[in-house]
Visitor: 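Dumping the structure here so I can ask a few things about it.
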Amino acid sequence: MAEGKYDHQKSEEKWARIWQEKDLYLAVDGDKKKKFYLLVEFPYPSGAGLHVGHARSWLAMDAYARKKRMEGYNVLYPMGWDAFGLPAENYALKTGVHPSQVVPKNIATFRKQCQALGLSFDWSREIDTTDPQYYKWTQWIFVQLFKKGLAYQAEVPVNWCPACKTNLADEEVLANGTHERCGKPTQRRPQKQWLLKITAYADKLLEGLGTVDYSEDVKRQQINWIGKKEGMKIRFDDVEVFTTRPDTLAGATFVAIPAEQSNQQGDKTKWGEFTGKYVTNPLTKKKIPVWRANYVTAQYGSGAIMGVPAHDLRDLEFATKYEIEIVEMEPDPGLWGKIEMEGWGFKAVSYHLHDWVFSRQHYWGEPIPIVHCSKCGPVMVPESQLPVELPYLEKYEPSGTGGSPLVKAEEWVKTKCPKCGGQAKRETDTMPNWAGSNWYFIRYLDNKNERKLASKGKMKYWLPVDMYQGGAEHITLHLLYSRFIYRFLHEIGVVPTAEPYMKRRTHGIVLGADGRKMSKSFGNVINPDEIVRKYGADTLRLYEMFMGPFGQTVAWSDTAVEGIYRFLKRVWRLAQSSKFKVQSSSEAKRRAARLVTKIGTDIEALKFNTMVAAAMEYVNWWQEHQGKVGQDVMEDFILGLAPMAPFLAEELWHKLGHKDSVHMQPWPEYDARLVADERKIMVVQVNGKVRDRLENGPDVQQRARQSDKVKKYLGGAKYRTIYVPGKIINFVCLT
RNA sequence: GGGCCGGUGGUGAAACUGGUAUACACGCAGGUUUUAGGAACCUGUCCCGCAAGGGGUGAAGGUUCGAGUCCUUUCCGGCCCACCA
């Protein structure tokens, strides 16, 4: 074995190239092996390049994918680009470079970075949501929704900045109601928008949660977001209100309907105006006033509420401010039945979830495949004419009227009605960022199919996704939206199952070394390229897995990275200096077996930090007992190392004389007896305090009683014995 | 206001269904080696105590032979949603 320093740069570049050339990580459609579809959220390819936060979850899942492959699974671990969206458009507006030029450049950077990290993605399946051959199918899904009446237009309040004359996404409006870029106050004004009827699926999305393995907090948040509430609709003359507390009807002293302008986020002052109208409380028969109030949400329930100041704090605040009568009462559960019997109202269900606004007035998105005809109204573009390609616009600043920048593509807008052939105009709104990311995991299965979203056979083989790993910030919107779209596709016979993801787990955020979010303005951004150059990809990989529990937010530490670097150098040095001609001792065999087994179970449980710690513990032992490690044990160690540090493992594997890749080897399995700790130490306590430690054995209780230390503390007193085999003996004095 | 997740050494953190609290690493201190720097290696490192021993997982109670882990109350921090009736 050649002596020398480990040149991580040379070695990693070599193996990355060889793996690519040999197509080591391709997933095989329809293979006889058991399939495993491992999905990670695909990124928006920003100009800043790959973030160590992306890298953290992909690297951990890469270890997962590699181990699954070694275990004999046909693993699909794909990557793609969610490249439409506001950031690209804003960046382009600032720099004057067209998004269609920026995006491919950024994608190339991301792909290169991923390969340098040794991520074992199947690059033959790469997708890009801005590719017309991709968004053709995003539009196709919209057309299917439209056909089923699940896509419709309605007047919806949107954020409008009068100073910039542009519509804003919610994210662009700060908590105080001002525009994040110009700082001027924004308004909400109604505008005709496309909506998707996700509410029609509210119950199905709730029920579906019972069939999948999501962590409890993820489930809980989905349930809360759907927010199913059972209540009643009650008529006060011609005004119908929704309430979850019909039992407080006696205290209803006013009715409130939404004000024209509700408050901006964060503003909690309550205000309103009297409409001049009175209605009758069906129970008390009293005339009560109807007010417009800014705290009434139009989307919720029927839009109107009954004000019960004696029972509800918000109603109380409003009633006090406007001197509305407050009537004390006891809630009466019997009213649920009485209201129904008297015909004043009926049981009704309300959801927090509301229909999904699917229009954006931006340039860089998928055009909505609709044509507006003066005779036929909105008409869908026939499937044969998809995709409706986004026209190339030199200037794509906001139109200034609240319309999309596409209004200015006059030639593109002017078209013929697909139904009657008359003059018509294209829809100029584009789809939101969610559109392309709703269904992307289906396209990985068959990314070049020109005739279908994906072939039936491939979908049947690969779906559903076995494990979906992503950020906590996506567990309400993205997860719910994509479940909705998938379920819809299932109902129209496109996809084979009702739920898309069998298992969902989330990861934590990586903060800067100062504990703040990484951001250019704080100067705390860690560039993965630099880490890879200085310490190597394996160091970055191990560090990102070791830095803390996978699901937890963690801060970067430069010195801890160096610790990992030292560890890997030590592994290399030990491998160089150890003479593997020796016979492995039985202890060496047992330790290696135990390590590899632990690596396997830790990966499965997503406990990557303790996995790395176990490897370190093993290497500490190895360093002290080099003479006991023979080639067989060394190979076991390298196989265990392969998922986490694939480059170093490959290098060492070849140094031992192997010609094929370590990543194509079967995952070692061991006799349970070898892995089990035979020489277990039993703890002996007196009155709950540890007084002795004895090796386990059939006579351990006997020996414990005879132990001098135990005798000393028992002092001849009467006692009883708690004996938990394999764990503990506790002698408790009877007082 | 609602929901979710946390609180363990100087730091990041371990501790499987209640059973040796602080694994692994960072940092720090001392040492060996080196022309020097760096690197590597060794020793120590929860607190009090020379020791025997005692205390200790945000705080206070409780259950238990035994609690970081379970229950009650409470304090603090982070994230998400927020006038949702």
Side-chain angles (χ1 to χ4, degrees), chain A residues 5 175 215-221 223-225 227 229 231 241-246 248 252 256 262-263 265-270 293-302 304-308 311-315 317-318 350-354 472-477 506 508-509 511 515 542-543 546-549 551-564 566-567 569-570 573 601-602 605 607 609-620 623 681-693 719-724 726-734:
Chain A
K5 209 177 145 225
S215 43
E216 268 317 301
D217 59 314
V218 172
K219 272 191 189 174
R220 172 102 337 251
Q221 289 202 43
I223 290 168
N224 291 344
W225 190 262
K229 295 228 166 93
V241 309
F242 178 81
T243 178
T244 54
R245 298 302 302 272
T248 64
S262 65
N263 275 17
Q265 283 190 358
D267 184 1
K268 284 195 181 179
T269 53
K270 289 187 177 46
N294 70 324
Y295 71 98
V296 178
T297 320
Q299 268 93 6
Y300 189 85
S302 62
I305 65 153
M306 62 181 200
V308 186
H311 195 266
D312 184 286
L313 284 175
R314 286 156 309 198
D315 294 344
E317 192 185 330
F318 191 80
S350 169
Y351 299 91
H352 166 249
L353 183 71
H354 35 257
E473 69 276 22
H474 291 133
I475 62 180
T476 44
L477 300 180
T506 53
I509 304 165
L511 302 174
L542 254 62
Y543 173 63
F546 183 65
M547 65 195 300
Q552 194 174 301
T553 299
V554 279
W556 188 267
S557 158
D558 289 319
T559 51
V561 175
E562 299 219 20
I564 296 287
R566 282 205 281 269
F567 166 70
K569 278 195 297 186
R570 201 142 54 97
R573 234 181 310 110
T601 53
D602 274 359
K607 289 165 70 173
N609 51 338
T610 51
M611 165 190 79
V612 177
M616 289 171 163
E617 219 172 338
Y618 172 83
V619 170
N620 287 343
Q623 185 161 324
I681 299 299
M682 289 281 288
V683 169
V684 183
Q685 297 181 330
V686 176
N687 291 324
K689 284 192 195 301
V690 181
R691 296 305 181 189
D692 204 358
R693 291 178 169 83
Y719 62 89
R720 71 186 180 100
T721 310
I722 312 283
Y723 175 57
V724 184
K727 283 183 178 168
I728 206 160
I729 302 169
N730 191 7
F731 298 110
V732 184
C733 293
L734 303 166

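Lettering follows sequence order; numbering is per chain, from 1.
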Visitor: For atom P, what is the distance between B/rG77 and B/rU72, given to the nearest Å?
Guide: 23 Å
Visitor: Starting the side chain at C-beta, find the nucleotide from B/rU20, B/rC65, B/rA13 nearest to A/Val732.
Guide: B/rC65
Visitor: Determine yes or no for a side-chain-to-main-chain donor-acceptor pair under 3.5 angstrom, with A/Asp315 supplying the side chain and A/Gly307 the backbone.
Guide: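 Answer holds: no.
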Visitor: How far, in whole Å, is B/rG58 from B/rG12 if one measures between their P atoms?
Guide: 14 Å
Visitor: Tabulate protein N/O versus nucleotide N/O from nucleotides 44-46 of chain B, keeping only pairs under 3.5 Å, one per line.
Guide:
none

Visitor: What integer number of Å spans the C1' atoms of B/rC75 and B/rA82?
Guide: 24 Å
Visitor: Work out how far the C1' atom of B/rU45 is from that of B/rU11, and round it to whole angstrom.
Guide: 13 Å
Visitor: I want to confirm an ordering. Mapping A/Ile509 and A/Arg693 to their closest nucleotides on RNA chain B, which one lands closer to the 5' end?
Guide: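 The 5'-side residue here is A/Arg693.
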Visitor: Identify whether any heavy atom of A/Lys607 sits under 4.0 Å from a base atom; if not, whether one sits that close to sugar-phosphate; answer base, sugar-phosphate or nothing.
Guide: sugar-phosphate
Visitor: Is B/rG12 syn or is it anti, if syn means the base angle is within 90 degrees of 0?
Guide: anti
Visitor: With the side chain of A/Lys689 defined as its heavy atoms from C-beta on, choose the nearest nucleotide among B/rA23, B/rU20, B/rG55.
Guide: B/rG55
Visitor: CG of A/Asp312 versus P of B/rG2: gap in Å, rounded?
Guide: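 So the CG-P distance, A/Asp312 to B/rG2, works out to 13 Å.
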Visitor: Select one nucleotide: of B/rU17, B/rA25, B/rC65, the one nearest the side-chain heavy atoms of A/Met616.
Guide: B/rA25
Visitor: Side chain of A/Gln623, heavy atoms from C-beta onward: which of B/rC42, B/rA21, B/rA85 has the nearest atom to it?
Guide: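 Among the listed nucleotides, the one closest to the side chain of A/Gln623 is B/rC42.
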Visitor: Using the C1' atoms only, state how far B/rG18 lies from B/rG2, rounded to an integer number of Å.
Guide: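 To the nearest whole Å, 33 Å.
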Visitor: When the C1' atoms of B/rA23 and B/rG68 are considered, how many whole Å apart are they?
Guide: 15 Å
Visitor: Between A/Arg720 and B/rC65, is there a side-chain N or O to OP1/OP2 distance below 4.0 Å?
Guide: yes
Visitor: Can you tabulate the close N/O pairs, meaning under 3.5 Å, that link protein atoms to atoms of nucleotides 26-32 of chain B?
Guide:
from: B/rC26; atom 1: OP1; to: A/Arg566; atom 2: NE; distance (Å): 3.3
from: B/rC26; atom 1: OP1; to: A/Arg566; atom 2: NH2; distance (Å): 2.7
from: B/rC26; atom 1: O2'; to: A/Thr559; atom 2: OG1; distance (Å): 2.8
from: B/rG27; atom 1: OP2; to: A/Arg566; atom 2: NH2; distance (Å): 3.2

Visitor: Enumerate donor-acceptor pairs with a distance under 3.5 Å from any side-chain N or O in residues 682-693 of chain A to protein atoms, sequence neighbours excluded.
Guide:
from: A/Asn687; atom 1: OD1; to: A/Cys733; atom 2: N; distance (Å): 2.9
from: A/Asp692; atom 1: OD2; to: A/Ser707; atom 2: OG; distance (Å): 2.8

Visitor: I'd like a table of atom pairs between the protein and nucleotides 4-12 of chain B - only N or O on both sides, under 3.5 Å - with the distance next to each one.
Guide:
from: B/rG12; atom 1: O2'; to: A/Met547; atom 2: O; distance (Å): 2.6

Visitor: Nearest of B/rA23, B/rC65, B/rG19 to any side-chain atom of A/Val724?
Guide: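 Taking heavy atoms from C-beta onward, the closest nucleotide is B/rG19.
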Visitor: Answer yes if the ring centres of A/Trp556 and A/Tyr543 are under 6.0 angstrom apart, and no otherwise.
Guide: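 Yes; A/Tyr543 has its ring centre under 6.0 Å from that of A/Trp556.
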Visitor: So which protein N/O to nucleotides 51-53 of chain B N/O distances come out below 3.5 Å?
Guide:
from: B/rG53; atom 1: OP1; to: A/Tyr713; atom 2: OH; distance (Å): 2.7

Visitor: Any side-chain N or O of A/Asn620 under 4.0 Å from OP1/OP2 of B/rA25?
Guide: yes
Visitor: Can you tell me if A/Thr610 uses its side chain to pair, donor with acceptor, with the backbone of A/Ala613 under 3.5 Å?
Guide: no
Visitor: When rounded to the nearest Å, what value does the distance between C1' atoms of B/rC46 and B/rA21 take?
Guide: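 Those two atoms are separated by 10 Å.
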Visitor: In whole angstrom, give the distance that lies between atom NZ of A/Lys229 and atom P of B/rG3.
Guide: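 After rounding, the gap between these two atoms is 10 Å.
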Visitor: With a 3.5 Å cut-off and no angle check, do the side chains of A/Asn730 and A/Arg720 form a donor-acceptor pair?
Guide: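 Absent: no donor and acceptor within the cut-off.
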Visitor: Rounding to an integer number of angstrom, what distance separates B/rC70 and B/rU17 when you compare their C1' atoms?
Guide: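 These two C1' atoms come out 12 Å apart once rounded.
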Visitor: Have a look at A/Val683 and say if it touches a base, only the backbone sugar-phosphate, or nothing, with a 4.0 Å heavy-atom cut-off.
Guide: base
Visitor: Tell me what A/Asn687 touches on the nucleic acid: a base, only sugar-phosphate, or nothing, going by heavy atoms under 4.0 Å.
Guide: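 The residue A/Asn687 makes no contact with any strand.
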Visitor: Ignoring backbone atoms, test whether A/Lys569 places a side-chain nitrogen or oxygen under 4.0 Å from the OP1 or OP2 oxygen of B/rA39.
Guide: no
Visitor: Closer than 4.0 Å, any side-chain N/O of A/Asn730 to the OP1 or OP2 of B/rG19?
Guide: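 No, outside the criterion.
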Visitor: Treat a base pair as Watson-Crick or G-U wobble with both distances under 3.5 Å, then lay out RNA chain B in dot-bracket form, 5' to 3', with | for cross-strand pairs.
Guide: (((((((..(((......[....)))((((((.......))))))(((....)))..(((((..]....))))))))))))....
Visitor: Check whether any side-chain nitrogen or oxygen of A/Lys727 sits under 4.0 Å from OP1 or OP2 of B/rC65, and answer yes or no.
Guide: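 Indeed not, no polar side-chain atom of A/Lys727 lies that close.
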Visitor: Quick check: does any side chain N or O of A/Thr243 sit under 3.5 Å from a backbone N or O of A/Arg245, one acting as donor and the other as acceptor?
Guide: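 Yes, A/Thr243 side chain to A/Arg245 backbone: donor-acceptor pair under 3.5 Å.
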Visitor: Please pick, from B/rA13, B/rA85, B/rG19, the nucleotide with the shortest atom-to-atom distance to any side-chain atom of A/Gln685.
Guide: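 So the side chain of A/Gln685 is nearest to B/rG19.
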